[in-house]
Engineer: 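What follows is a structure written as structure tokens; I'll ask about it next.
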Amino acid sequence: MATAEAHIDVHAHDDHHDDHHEQSFISKYIFSMDHKMIAKQYLITGIIWAIIGAALSAIFRLQLGFPEADLGWLRPILGKWISAEGALDPEFYLALVTMHGTIMVFFVLTAGLSGTFSNFLIPLQIGARDMASGFMNMLSYWFFFIASVIMLISLFIETGPASGGWVVYPPLSALPQAMSGSGLGMTMWLVAMVFFIASSLLGGINYVSTVINLRTKGMTFSRLPLTIWAFFLTAVIGILSFPVLFAAALLLVFDRSFGTSFYLSEIYIQGEALPNVGGSPILYQHLFWFLGHPEVYIVLLPALGITSEIIATNSRKPIFGYKAMIISMMGITFLSFIVWAHHMFVSGLNPFLGSIFMFLTLIIAVPSAVKVFNYLTTLWKGNIIFTPAMLFSIGLVSVFISGGITGIFLGNSAIDIQLHDTYFVVAHFHLVMGAASSFGLLAGVYHWFPKMFGRMMDTKLGYIHFWLTFIGIYSVFFPMHYIGIAGFPRRYYSFTNFDAFSGFTDLNMFISIAAIATFIGQFIFLFNFFYSIFRGRKAPANPWNSTTLEWTTPRVPGHGNWPGEIPKVYRWPYDYSKPGAEEDFIPQTVPFSQTMESNLPHENDEIALEKEMEAEEIVVVDANKH
Amino acid sequence: MFGFYIALAVFLVVAILLLIFRISRLVNVVKGTGEETTKSDNNFNAIMMVVFMVLFFGLAGWYSFANFDAYDPPVASEHGELTDKLFWRTMWITGIVFMITNILLFVFSYKYRYDKNRKALFYPHNNKLEYLWTGVPAIVLTWLVISGWMAWDGIMSEAPEDAEQIEIMGYQFQWSIRYGGMDNKVGDYDYRLIDAVNDHGMDMSDRANYDDFKNISLVIPKGKPVLLKIRARDVLHSVFIPHMRLKMDAVPGMPTQFWFVANKTTAEMRVEEGNPDFNYELACTEICGEGHFSMKKIVTVLEPEEYEEWKAEQKSWLSKNPDFMAQVPEDMKELALVTAGINE
């Protein structure tokens, strides 16, 4: 059925795709069903969230780096959360940490990254006019928007936003008497997350069905760019794991509002013994991490896909080990579902289960290592052009290595006893997941900006932005390893109570300065981004001499992406610097019959198939005419 | 006024930067360059890769060795020596991988920077290489996993029979510590019996409770197994003694435990550290609310003889709170009086 539709779509173009019906402002920019506009909506919303999320971290870094400082000047923004003496409220500190995590993980690196690039690139790179369901796609964005509004409002309510850490473990998150953030703020957190999950599912289902059903002629799975493989697998992970978070949140709502005891048992708080018995806080942790761990790969895989594409293009070389890349991503996808309990080694989990999860966790390091080696070999003997996108991609590989390696410590349950919930963990996941995914996001923006807005971003500002960010990220997170090995626990408002944690004030100060400088450095990007949308130099249709389909569209692709027929695909996406070829790239749309000089022996066999394909089409077109 | 000057300075700096940007752009437009990656830009970035690498490894290497003692806390438990060994073994192996891969990344970036007279090598795959770098990490990781698993299995095994039983209960925002007493058994509790005085909810129908005593800090013997029976009464907490390499969550409704053997007394550690004020500390590592960062307990490790002496001096909780005799069932009152040491 779907193939038939795609077929019609391919051939019926002449009849209705050339007439441009003007759209109203609302249907073009607001309730748009065009995947490119929705992608931009996600991107801009994601950028706004990133600024907010990073600003929150700048505030708590002030507290950690300069605990004695007078923060009175923040009172216009934070109001009563700054005490009369100019100190940050300890509970609001936790709220900042919590909201920073929630915003960055879900609103920036899930919605901002997948939402932008899956939406933008899937139809363009597989050769489709739009998503399988434009309407669902629109709903997906607007559910995300509602989630965003609710989450944003929760920052400003009197009792403060959710403050139990981004994992919102009960009983802390279930009992308003345990902390004020667990009151209305937590309710709003849960409601926002429910909308967010709905949005994520609508998007994910759309991505999967589009990739499966709407590929253009010749675009087999073995010819998909690695970006599409990454987005596809990411969507699969999301569809399978987000419902479990939904379940976890729903049971938490029941415990909070309807007196059930899923997570609560034997609690005595504020001079009162609660009636709940029989529940288990560990149950919540299992449910949460069943999403929470795959979530790491939901934010990481798209970044790795984007990087694969950019590194191949700018090394002027095919990505090394295309099949191995796909197999490792599939391996990561599968394994991501069976490693969750490594977050719970010291939660009181049965130690035997801990051993099992240690084995499974360390297996997942293998496909990750394979990916790194493949990136390195792609660079080897390449002809590397340092566009800002390429710089961020190389940066991604570096932080992915540095952050990935510490995972081998934490995945080992015996070593994790000491390191769990210390700054070592903070360093680990900020490098491997936070920085790596952010770099992927930024690389993607620099690389596809010309196709999104038809203009180029400023390269020099891009370089300054990259070096500031790269040096900044390492300055912030590398020192945290030392603090972590020294045992400093995370989510501490202040370390002065403990002799064991009284050192490293200089290093904490350094980290804070680096963090705030890196944050300010991002405004260079923001300026470049918004300036270039309106004033950037006009981009050529294919500025990076890339092979994939999106670059065969006009400078600014309109509704339906290609003005004429959707191009057909004849080859894989990585024919860069092919021996014998005149140019150093051969687009996917060039048939083997036109590149006799560079064809490999087995590719000459494909020519016969191409001829068959074309003959078939003539028959179909003829049949349509009658 | 000070704020105004800062705002003005920021405004001026931003304005100057924007001006520079605008001028350089116009120059580029006139010269017809700008957006394309030029050769000098490309070389600049290639060189920066190497500069970054040297600076990064230089600084990280220097800091790691110069400040080793500051970030490597001394270890004071038997299992901690084992996990430390595993930690440093993993550090060496992964450290080498970290160095090699990062160096290759930056050096390749530099060495293979764009040259219009050169063509990149068309090298799409090599299955032997893929097998190699799937196999080798798999073998190394297996070795790390197995050594980690053996250590974990030992640490998490059943506590020895003679282990000192000590209950530690977390609540917002403090720890409460209760010893098994003469029978070395921590008595039953029921959270519904908790009140301002009986903060552990000790159940007076269990005879094991009569000799239990509480203490303001955690006092343990050196060289003898100690079993911490861990619980929480309101939200999650987590027991963390950095020097003992010990951590375990405290969960309401689900008691957990951790047994270990301390192998350096506080006094020995004071000498070793050259710090007469040194104390072992116990901290909370699971976010539990406003006072999370202040849940501190001092841990004192004594020589076994000192410990026995100290323990013998402790008065039972019941003897300090004789009102609770009323909760003791009739037929056990006499036993309670004797075990609690009330009528001595």
Side-chain angles (χ1 to χ4, degrees), chain A residues 90-91 165 169 171-172 178-179 265-269 273 281 316-318 321 324 346-348 351 355 359 362 366 369-370 373 376 379-386 394 397 401 405 408-409 412-415 417-418 421 456 482 485-487 489 491-494 497-498 500 537 577-579, chain B residues 35 37 42 45 48 70-71 73 83 86-87 90 94 98 101-102 104-105 108-109 112-114 118-122 124-125 130 133-134 137-138 141 145 148-149 151-152 156 191-192 194 233-236 242 245 247-249 251-254 256 281 283 285 287-290 292-294 296:
Chain A
E91 204 171 299
Y169 282 172
L172 184 61
M179 73 193 313
S265 187
E266 303 186 25
I267 290 165
Y268 176 90
I269 192 165
R316 311 311 292 161
K317 259 190 84 181
V346 292
S347 66
S355 322
F359 274 93
L362 292 189
V366 174
V370 169
F373 292 131
L376 292 177
L379 292 171
W380 178 68
K381 293 203 170 181
N383 208 6
I384 299 167
I385 302 167
F386 293 106
I394 293 171
V397 177
I401 295 169
I405 262 169
I408 294 170
F409 295 81
N412 188 328
S413 52
I415 302 176
I417 296 173
Q418 173 74 2
D421 267 340
M456 307 293 285
Y482 302 111
I485 296 170
R491 294 170 180 145
Y492 264 35
Y493 170 74
S494 133
N497 286 307
F498 291 84
R537 206 186 63 172
S577 298
K578 214 172 180 192
Chain B
E35 307 300 335
T37 312
N42 217 52
N45 283 303
M48 275 298 286
Y71 65 81
T83 56
L86 290 176
F87 176 87
T90 313
T94 57
F98 164 75
T101 45
N102 262 309
L104 288 181
L105 179 71
F108 284 174
S109 300
Y112 301 110
R113 65 194 181 280
Y114 187 76
R118 195 162 50 88
K119 201 167 185 185
L121 176 73
F122 186 81
H125 66 97
E130 302 286 356
W133 59 49
T134 310
L141 284 170
V145 168
W149 170 69
W152 171 254
M156 291 292 151
Y191 82 105
R192 279 165 288 218
I194 296 173
R233 93 182 180 192
D234 39 34
V235 299
L236 293 173
R245 310 294 191 258
K247 189 177 289 144
M248 182 54 72
D249 281 6
V251 185
M254 192 189 88
T256 56
E281 289 164 325
T285 49
I287 183 172
C288 59
E290 190 173 25
H292 173 50
F293 66 103
S294 61
K296 177 166 98 165

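A quick note: this is a predicted structure, and the numbers were derived from the prediction, not measured. Below, chains carry the letters A, B, ... as their sequence lines are ordered, and counting in each starts from 1.
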Engineer: Is it true that atom NZ of A:Lys381 has more than 12 heavy atoms of other residues, nucleotides or ligands lying nearer than 6.0 Å?
Structural biologist: no
Engineer: Just so I understand: if I count every heavy-atom pair under 4.5 Å between each of A:Ile269, A:Val346, A:Asn383, A:Leu362 and chain B, which residue has the most?
Structural biologist: A:Asn383
Engineer: Can you tell me which of B:Ile194, B:Leu104, B:Leu141 forms the most heavy-atom pairs within a distance under 4.5 Å of chain A?
Structural biologist: B:Ile194
Engineer: Any sub-3.5 Å donor-acceptor pair from B:Trp152's side-chain atoms to A:Pro351's backbone N or O?
Structural biologist: yes
Engineer: So which of A:Ile417, A:Ile394, A:Asn497, A:Leu376 has the biggest tally of heavy-atom pairs under 4.5 Å with chain B?
Structural biologist: A:Ile417
Engineer: Evaluate the ring planes of B:Phe293 and A:Tyr492, with Trp represented by its six-membered ring, and classify them as parallel (under 30°), tilted (30 to 60°) or perpendicular (over 60°).
Structural biologist: perpendicular
Engineer: Out of A:Gln418, A:Arg491, A:Lys317, which one racks up the most heavy-atom pairs below 4.5 Å with chain B?
Structural biologist: A:Gln418
Engineer: Please determine, among B:Met254, B:Lys119, B:Met156, the option with the most heavy-atom pairs under 4.5 Å with chain A.
Structural biologist: B:Lys119
Engineer: Quick one: which of A:Gly165, A:Pro90, A:Gly348, A:Ser355 has the most heavy-atom pairs under 4.5 Å with chain B, could you say?
Structural biologist: A:Ser355
Engineer: So which of B:Val251, B:Thr285, B:Asp234 has the largest heavy-atom pair count under 4.5 angstrom toward chain A?
Structural biologist: B:Asp234
Engineer: Do you know which of B:Leu86, B:Leu121, B:Thr83 has the most heavy-atom pairs with chain A at a distance under 4.5 angstrom?
Structural biologist: B:Leu121
Engineer: Do you know which of A:Pro171, A:Pro489, A:Ala369, A:Pro579 has the most heavy-atom pairs under 4.5 Å to chain B?
Structural biologist: A:Pro171
Engineer: Quick check on the interface: out of B:Glu281, B:Arg118, B:His292, B:His125, who has the most heavy-atom pairs with chain A under 4.5 Å?
Structural biologist: B:Glu281
Engineer: Could you report the tightest heavy-atom contact between B:Pro73 and B:Arg245, atom names first, then the distance?
Structural biologist: O-NH2, 2.6 Å
Engineer: Looking only at heavy atoms and a cut-off of under 4.5 Å, which of B:Ala70, B:Ala138, B:Ala283 has the most pairs with chain A?
Structural biologist: B:Ala283
Engineer: Select one option (side chain, backbone, both, neither) describing which atoms of B:Val145 are under 4.5 Å from chain A's heavy atoms.
Structural biologist: both
Engineer: A:Asn412, A:Ile405, A:Leu379, A:Val397: which one forms the most heavy-atom pairs within less than 4.5 Å of chain B?
Structural biologist: A:Ile405
Engineer: Look only at the side chain of A:Ser577 and the backbone of A:Arg316, and say whether a donor-acceptor pair between them is shorter than 3.5 Å.
Structural biologist: yes
Engineer: Is any side-chain heavy atom of B:Leu236 less than 4.5 Å from a side-chain heavy atom of A:Leu172?
Structural biologist: no
Engineer: Looking at B:Trp133, I want to see if its CH2 is surrounded by more than 12 non-hydrogen atoms of other residues, nucleotides or ligands under 6.0 Å.
Structural biologist: yes
Engineer: So, the side chain of B:Asn42 versus the backbone of A:Phe386: is there a donor-acceptor pair under 3.5 Å, distance only?
Structural biologist: yes
Engineer: Would B:Tyr114 and A:Ile384 satisfy side chain to side chain contact (heavy atoms under 4.5 Å, CB included), going step by step from the backbone distance to the final call?
Structural biologist: CA-CA 5 Å; B:Tyr114 187 76; A:Ile384 299 167; 5.9 Å; no
